[in-house]
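Structure, as structure tokens:
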Amino acid sequence: MAQTVLMPQLGESVTEGTIGQWLKKVGDAVDKYESLLEVLTDKVNAEVPAPVAGTIAKILVENGQTVPIGTPICEIEVQGGQTETAPVADAEPVQADEPQSQPSKSPTVAAETDDGQRGRYSPAVRRLAHERGIDPALLTGTGAGGRVTRDDVLSASDAHEKPTATVAAPTPKPAAHESTAVAAMVPGAPAVIDEEDTLQPLNNVRKVIAERMVRSKQTVPHAWLMVEVDVTGLVALRTKLKEEFKAREGVSLTFMPFMIRAVVSALRTVPSMNAQWNGDSIVMKKRINVGMAAATDRGLIVPVIKDADQKNIVGLAKASQDLVKRARNGRLTMDDLSGGTFTVDNTGAVGTVLTYPVINAPEVGIVTMESIVKRPVVVGDMIAIRSMVNVCLSFDHRVVDGAEAGQFVTTIKTELEAITQETSIY
Amino acid sequence: MAVMTYLEAIRETLRQELRRDDRIIVYGEDVGVRGGVFRVTEGLQAEFGEQRVIDSPLAEAAIIGTAIGAAVNGLRPVPEIQFSDFIFPAINQIVQEAARIRYRSNGTFGVPMVIRAPFGGGVHGALYHSQSVEAFFAHVPGLKVVIPSTPYDAKGLLAAAIQDEDPVLYFEHKAAYRSLKGDVPDERYLIPIGKADLKRPGKHVSIITYGLMVSYALKAAETLDKEGISVEILDLRSIRPLDVEAILDTAKKTGKVLMVHEDNLTGGIGGEVSALIAEHALFYLDAPIVRLAGPDVPAMPYSPPLEHAFMVTPEKITEAARKLAKF
């Protein structure tokens, strides 16, 4: 008897998945919970475990194909069982695939459907979308070929205008507004393709990064500033502690936990940096969840240290290294990627001394820690060799002004410069 | 108030007008003794005499030419062209003379003339008895062209056309003569020329049409209503001058326009209406403007299957409107 395995739902806003790779082929025996295949979505990649033990009878969807959630993807022949269709056991998400946690609102269309009209907008759609501050690319088209119709824009706009009407009585939740800043999208400059050039198709991570970056840069008015921080004391402290720390805690002591602690302190001092833009309001976030941009061989991802304000240096070191390790092994969960309220980017790891980071919208700011370099600096009336680091901040100028942003980076500077060889890390 | 056919409404209006104003004369081929080939003028000669209801020679240029002369000299002629297909011998008189006399005489003379002509196909009339000719005349400044779609409009538009101080072409669809019935008030009333009529409000697709096609469009709208597609129907009534405001209103309202006429596609009124919408309501359009019209073939065929293929039918309108609604 065969049991059908369905495409699992790998995240609440996910509507389809792409078969990344079958780990089993027809005729292979599988144990219950043994990984059958890898599924890619625009949020996570996950290995899908077998719901039952048996033999792979049929593979219904081949590598690289994209199908909606709930589509049968394979059949497992079970000894003596009955034919049934069962949802797979909870998939274990293995690979985080996107740089931030904001659920994607982009409608996803199954590969088989005719989506020839997606992205083609009638004059009425363009005008209404512009007037009402709606990005038609984010709507699900109900017209022929997935076309976004005038009525789609109107109903999206109606829903947008009276969102509180449907909110339940006891604790009305503030309504999340789509940013109304985006209006006209200008098509990008076309690439010039010469004969000897090759085309590399975009993978899911690349697509998501591209979409997020464009959206951030087009909708968020980025402002930027930088401070120089003298971390001679911090460097000395780390040098003193790192061997002992590694032996005792099992993880390396890097500069990141100190940086995150300084950022947490600055977020407490300037709460408007721990916020999100909400169209006609600003959401002041209660929790301080710090995202850490991490480079992986599949692209940039931003796992989040939850409640970073409740952790000391050891806790931050363990949490950040756990996340980075799992990110590189492709073992992050959806939860690891969601809920960030501010982002810290350890750009120094790439060797830079100055960067202009792109804000992880709807967060308000992103701060970088650049390479620590020894430089001659004036201390008092003398020139001294000090370990210096640049801290760069991009911030959403709709939410905060230069004064708060300056206070924010100055707090980081003060915190980091206050660290000496004698500072306790507990 | 009485229920009348489209044909009876025209006849009774002529009778009422002839009684009202003795400057009005009716003439044309067989309109007198025979009462017209379709019996539109039946009984009029008996009531008003040979001086006012006149059988003319079989010569359209002469009918219109003498009507122009009579009009310039103070009568209010209502000549009939037996089939609109035969209007072409008179086109020189209509376009070069009637349409221009007011302009040419700097307003001194006018031609208060109404040319009535049955038109349209689907009645096994074949090549010479099926044509739609309205677009030829709608092109000409100085002429007015009206095409009623109901018995009520047939009366009000004919009375308004007779009242008008300038030449009006009044086209009557042959298939409408006895198939369309409706309430017609006894008293005289005028429907302003140049005013369209919103036949049915709707929200998904606008059908802009005129004449017999209005009743076909209404049937299509009934069918589509059951499918949840709400169709708005605008009856142009006058195709020159066009009611630009009403056209733009409905186009802006639904954003999807289906233009329907039986006349050939190319150079038909649909093209003019489409251009107006494109010029003035582009940013309200949610779909390309669609024209459903007679095909660009030289004439209506006699073979019934081919004639049916030529004709715009309620089914074809339904299909086109459905497709547009789903776009």
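These numbers were taken from a predicted model, which means no experiment stands behind them. Scope of the values below: all heavy atoms of this structure, side chains included, with no hydrogens, waters or symmetry mates. Throughout, protein chains are lettered first and strands after them, A, B, ... in sequence-line order, and every chain is numbered starting at 1.
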For the backbone of [Y] and the side chain of [X], can you confirm whether one donor and one acceptor N or O come within less than 3.5 Å of each other?
X        : Y        : result
B/Lys256 : B/Lys326 : no
B/Tyr170 : B/Ala154 : yes
A/Thr219 : A/Arg215 : yes

- Residue B/Lys252 versus chain A: region with a heavy atom under 4.5 Å: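 For B/Lys252, the contact with chain A is made by the backbone alone.
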
- Ionic contact status for B/Asp197 with B/Lys199, cut-off 4.0 Å: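 Judged by the 4.0 Å cut-off on N to carboxylate O distance, B/Lys199 and B/Asp197 do form a salt bridge.
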
- Residues from residues 200-232 of chain B approaching chain A under 4.5 Å (heavy atoms):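 The list, in residue order, reads B/Lys203, B/His204.
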
- Message: I want to know whether A/His397 and A/Phe395 have ring centres closer than 6.0 Å.
- Response: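 Between A/Phe395 and A/His397, which both carry aromatic rings, the centre distance is below 6.0 Å.
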
- Quick one: does NZ or CZ of A/Arg126 land under 6.0 Å from the six-membered ring centre of B/Phe283, within 45 degrees of the ring axis?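 Verdict for B/Phe283: no cation-pi partner in A/Arg126.
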
